[in-house]
Protein chains: 2
Amino acid sequence: MTVIDTRVSLLDELMVDGVLSAACPSRVVLDHISSKWGVLVLVALAERGQRWGELRRTVEGISEKMLASTLRTLEQDGLVLREAQPTIPPRVDYSLTPLGQELATVLLPLVGWVARNASRIVGD
Amino acid sequence: MTVIDTRVSLLDELMVDGVLSAACPSRVVLDHISSKWGVLVLVALAERGQRWGELRRTVEGISEKMLASTLRTLEQDGLVLREAQPTIPPRVDYSLTPLGQELATVLLPLVGWVARNASRIVGD
DNA sequence: CAGGATCCTTAGAGATACTG
DNA sequence: CAGTATCTCTAAGGATCCTG
């Protein structure tokens with residue numbers, strides 16, 4: 001049985017160190033995901049694809065403006081798929097792209113941990 | 001062989017859905033972690049405990065003010081441990097608490113994924 | 001060395017009203 | 001229904017100087 005240093009190997013294997021350099025492009029993406037609403041929208045869509053109005057209700061407290069801009073940047077990042085039906089009234093469905101689902105795989109454990117430990121942290 | 005819906009079960013098991021309600025305390029923690037510098041400081045400390053000056057250099061681009069306030073909120077959240085030696089000149093060491101290391105366990109995979117896919121996303 | 005205290009600037013974010 | 005267009009404003013963030 002081989003025991004290795006968990007912390008160091010994690011960083012090495014995950015090649016995380018580059019993030020700390022100012023030029024790393026991941027900083028941009030990190031900002032998008034953590035733009036206050038980014039995580040929540042991704043989590044909502046990870047549960048199931050939804051229409052605009054549904055999302056607005058699912059992600060409590062988000063304004064129309066923020067939902068719009070959040071969805072736009074996530075779509076540009078290739079994480080969210082936007083499908084508009086040219087009907088009247090219009091119907092637009094949002095869902096995660098394969099890339100977005102990949103992200104959800106590592107994002108959900110984080111959000112889950114936070115949700116479970118939030119009360120402990122914030123000390124209600 | 002039993003096949004289950006990965007997405008739904010993930011959400012259920014992780015009890016992530018509560019995050020979407022406006023009153024959920026996890027939103028506060030989520031904000032702290034994703035406060036532009038929060039993730040980076042946590043990643044830096046996940047690699048190894050560091051002194052103030054080291055952190056300042058490790059997390060490229062962070063200002064003194066932001067490093068100070070980020071460390072303060074993370075300390076209040078119980079994620080970061082601050083150890084000050086009463087020497088002259090002063091020496092202060094920062095490291096992750098057990099809780100912070102737990103968080104790192106789920107945070108590093110996310111950051112790692114983003115780092116590896118950032119160029120694909122941002123489309124350099 | 002490790003911060004506090006200040007001042008200043010913007011982008012993020014809210015509210016409201018309007019439209020194809 | 002699914003947004004866009006404005007307007008406004010706070011608070012995150014940056015730069016600089018100061019100190020035990």
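Quick note on labels: first sequence line is chain A, next is B, and so on, each numbered from 1. The figures here come from the full heavy-atom set of this structure, side chains too, leaving out hydrogens, waters and symmetry mates.
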Review point. Glu60(B) side chain to Ala22(A) main-chain N or O, any donor-acceptor pair under 3.5 Å?
Key: yes
Check your understanding: Does Leu20(A) offer a backbone N or O that forms a donor-acceptor pair with the side chain of Arg27(A) under 3.5 Å?
Key -> yes
For [X] and [N], give me the distance from atom [atom1] to atom [atom2], rounded to whole Å.
X        : N      : atom1 : atom2 : value
Arg56(B) : dC1(C) : CZ    : C1'   : 12 Å
Arg51(A) : dG3(D) : CZ    : P     : 10 Å
Asp93(A) : dG3(D) : CG    : C1'   : 15 Å

Point to revise | Of residues 20-39 of chain A, the positions that come close to DNA chain D - non-hydrogen atoms, cut-off under 4.0 Å | key: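 DNA chain D contact set from residues 20-39 of chain A: none.
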Roughly how far apart are [X] [atom1] and [Y] [atom2], rounded to 0.5 Å?
X        : Y         : atom1 : atom2 : answer
Leu67(A) : Leu71(A)  : CG    : CG    : 4.5 Å
Leu30(A) : Leu110(B) : CG    : CG    : 7.0 Å
Arg56(A) : Gln50(A)  : CZ    : CD    : 13.5 Å

Between [X] and [Y], which heavy-atom pair has the shortest distance, and what is it?
X         : Y        : result
Gly18(A)  : Ser21(A) : O-OG, 2.8 Å
Ala118(A) : Pro25(B) : CB-C, 3.9 Å
Thr70(B)  : Gly38(B) : CG2-CA, 3.9 Å

Check your understanding: OP1, OP2 of dC1(C) versus side-chain N and O of Tyr94(B): anything below 4.0 Å?
Key ->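 Result: no.
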Check your understanding: Got a sec? Which of residues 65-90 of chain A come in under 4.0 Å of DNA chain C, heavy atoms?
Key ->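 Heavy-atom cutoff 4.0 Å gives Lys65(A), Met66(A), Pro90(A).
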Co-membership, hydrophobic cluster, residues [X] and [Y], 4.5 Å side-chain:
X         : Y        : result
Val106(B) : Val19(B) : yes
Leu81(B)  : Leu45(B) : no
Ile62(B)  : Val92(B) : yes

Point to revise | Rounded to 10 degrees, the angle between the two terminal axes of the helix from dC1(C)-dG20(D) to dG20(C)-dC1(D), each from five pairs | key: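 What I find for the helix from dC1(C)-dG20(D) to dG20(C)-dC1(D) is an axis angle of 60°.
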Exercise for review: Let me know, please, whether Trp52(B) or Glu64(A) comes out on the 5' side of the other along DNA chain C by nearest nucleotide.
Suggested key: Trp52(B)
